[in-house]
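These numbers come from a predicted model, not from an experiment.
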Amino acid sequence: MKKISLLFLLVISFFSLKAQSIIEFEKETHDFGTIDEGKVVTYDFVFKNKGKSELVLQSVEPSCGCTSPSYTKEPIMPGKKGKISVSFNSSNRPNTFHKSITIRTNSQEPVKVLYIKGYVNPKASPIASKATLGLDKTVANLGNLQFGQTAIEKVIITNEGTDNLTISNIRSDCNCITHNGFRTLKPKEYYTLEIRYTPKRKGEVSDDVLIYSNDSQNPVRRVQLRANVYEASPMKEGGNKNPFGF
């Protein structure tokens, strides 16, 4: 009796396997070859249900966040085809890649693994600007100033490079300067930057003027302004002429 029962179970199992869905891919590995960094490439893995019952894809899991799959959600009937589209984003992923996608189904072979591979041609590094900002001075001593007095300091800026030099900003954290504007200088061209300086403190003071440009080696240059600022007496203030012409 036990032998008959065992035989019956084996027969049932055999026919169950025969009736099960079977997934078969046209290919299980795809080589994208060489692609440029930043490009998104996609390949469709086509499969067929070669079994006797409907095939259902239960999950499709990539091994990397750079790989995005989409797939046929509806049951695939016997003899019919479906596909799994796999996209690979090569941004910030230079050189060789080899990624896997794990497929789980109700197939006779419930787990299948697909592979994509290739080589990402690294993005060329941006060419650094060859503009070079030259200064005739980085420190300016303005001597004695009365508190509230404005002095002018002239700084010669030269483009010592071979590309155009663009000065994009000139500022000081002290909020104590004005100037005669920005420039774009051709190679070997120069201009005179006029800085109007009104110190906000008394005593021996120094304030930095920051000059921003497209000089790739030194994008921010500094000119330091120094002065001895004193409180003038009313008699001196009325009797002496401002030596800076204001």
Side-chain angles (χ1 to χ4, degrees), residues 36-39 65-66 89-95 120-246:
D36 291 331
E37 185 177 355
K39 189 175 182 181
C66 59
N89 187 343
S90 64
S91 295
N92 301 314
R93 296 184 181 275
N95 303 319
V120 177
N121 194 27
K123 187 183 295 184
S125 300
I127 299 173
S129 168
K130 294 181 180 179
T132 303
L133 189 150
L135 297 171
D136 71 329
K137 67 185 74 169
T138 56
V139 177
N141 290 302
L142 298 170
N144 295 326
L145 293 177
Q146 295 178 9
F147 185 69
Q149 185 177 1
T150 298
I152 291 180
E153 180 61 31
K154 296 183 178 181
V155 179
I156 297 175
I157 298 178
T158 305
N159 181 2
E160 299 175 350
T162 55
D163 288 346
N164 285 351
L165 173 71
T166 299
I167 299 167
S168 57
N169 195 15
I170 299 171
R171 70 173 186 84
S172 178
D173 291 335
C174 67
N175 195 29
C176 59
I177 69 161
T178 60
H179 55 82
N180 61 336
F182 313 139
R183 297 286 190 281
T184 295
L185 303 177
K186 296 177 181 178
K188 310 309 177 187
E189 191 176 8
Y190 68 91
Y191 90 106
T192 301
L193 171 66
E194 290 190 0
I195 303 169
R196 294 172 180 263
Y197 178 48
T198 309
K200 302 294 186 181
R201 306 181 307 281
K202 299 173 187 176
E204 292 185 0
V205 299
S206 65
D207 290 294
D208 291 338
V209 177
L210 303 177
I211 303 171
Y212 296 77
S213 75
N214 64 330
D215 182 333
S216 59
Q217 298 299 314
N218 295 290
V220 183
R221 297 294 302 275
R222 182 181 71 169
V223 176
Q224 188 177 73
L225 304 177
R226 297 176 180 173
N228 181 32
V229 182
Y230 61 94
E231 185 75 68
S233 67
M235 289 183 61
K236 283 188 175 182
E237 195 170 342
N240 293 336
K241 185 178 179 182
N242 186 334
F244 295 95
F246 293 96

| Measuring from S172:OG to L225:CG, what's the distance to the nearest 0.5 Å? | 7.0 Å
| said: Around atom OH of Y190, are there more than 12 heavy atoms from other residues, nucleotides or ligands closer than 6.0 Å? | reply: no
| Where is the tightest heavy-atom contact between Y197 and A227, given as atom of each residue plus distance? | CE2-CB, 4.4 Å
| request: Starting from the C-alpha separation in whole Å, work towards a yes-or-no answer on side chain to side chain contact (heavy atoms under 4.5 Å, CB included) for K137 and E153. | output: CA-CA 11 Å; K137 67 185 74 169; E153 180 61 31; 2.7 Å; yes
| query | When rounded to the nearest 0.5 angstrom, what is the spacing between CG in N159 and CG in L185? | reply | 6.0 Å
| field | Student check: side-chain heavy atoms of V223 and D208 closer than 4.5 Å | value | no
| Quick one: are D215 and S129 in side-chain contact, heavy atoms under 4.5 Å? | no
| field | Sidechain N-carboxylate O distance under 4.0 Å for D136, K154 | value | no
| pair T132-Q217: side-chain heavy atoms closer than 4.5 Å | no
| note | Taken to the nearest 0.5 Å, the spacing of E204 CD from N144 CG works out to 9.5 Å
| message | Any donor-acceptor pair under 3.5 Å linking the side-chain atoms of Q224 with those of R222? | response | no
| field | Verdict with reasoning, Q146 to Y230, per side chain to side chain contact (heavy atoms under 4.5 Å, CB included) | value | CA-CA 5 Å; Q146 295 178 9; Y230 61 94; 3.4 Å; yes
| request: Measure the spacing between CZ of R221 and CG of L135 and express it to the nearest 0.5 Å. | output: 4.5 Å
| task | Find the distance between CD1 (I177) and CZ (R171) and round it off to the nearest 0.5 Å. | result | 9.5 Å
| note | One should read off an interatomic distance between N141 CG and S206 OG, to the nearest 0.5 angstrom, of 10.0 Å
| task | Check the pair S168, F182 against side chain to side chain contact (heavy atoms under 4.5 Å, CB included), reporting the backbone distance first and the verdict last. | result | CA-CA 7 Å; S168 57; F182 313 139; over 6 Å; no
| said: Which heavy atom of N175 sits nearest to which heavy atom of K200, and what is that distance? | reply: O-CE, 3.3 Å
| task | Could you walk me through whether V209 and I170 pass side chain to side chain contact (heavy atoms under 4.5 Å, CB included), step by step? | result | CA-CA 7 Å; V209 177; I170 299 171; 3.8 Å; yes
| query | Between V120 and D36, what is the shortest heavy-atom contact and its length? | reply | CG1-C, 4.3 Å
| Is the closest side-chain heavy-atom distance between L193 and I167 below 4.5 Å? | no
| R201 and D207: salt bridge (charged side-chain N to carboxylate O under 4.0 Å, His left out), yes or no, with the steps? | CA-CA 10 Å; R201 306 181 307 281; D207 290 294; 3.4 Å; yes
| message | Pairing donors with acceptors under 3.5 angstrom, does anything connect the side chains of S91 and N89? | response | yes
| Among V220, L133, N169, whose side chain to side chain contact (heavy atoms under 4.5 Å, CB included) with I211 holds? | L133
| query | Any side-chain heavy atom of P199 sitting closer than 4.5 Å to one from F147? | reply | no
| query | So which heavy atom on N218 is nearest to which on S213, and how close? | reply | O-OG, 4.3 Å
| request: Please report the shortest heavy-atom distance between S90 and G38, naming the atom on each side. | output: OG-N, 2.9 Å
| message | Quiz question: by atom type and distance under 3.5 Å, do the side chains of T198 and T150 form a donor-acceptor pair? | response | yes
| message | Tell me the closest heavy-atom pair linking R183 and N180, and the distance in Å. | response | NH1-O, 3.4 Å
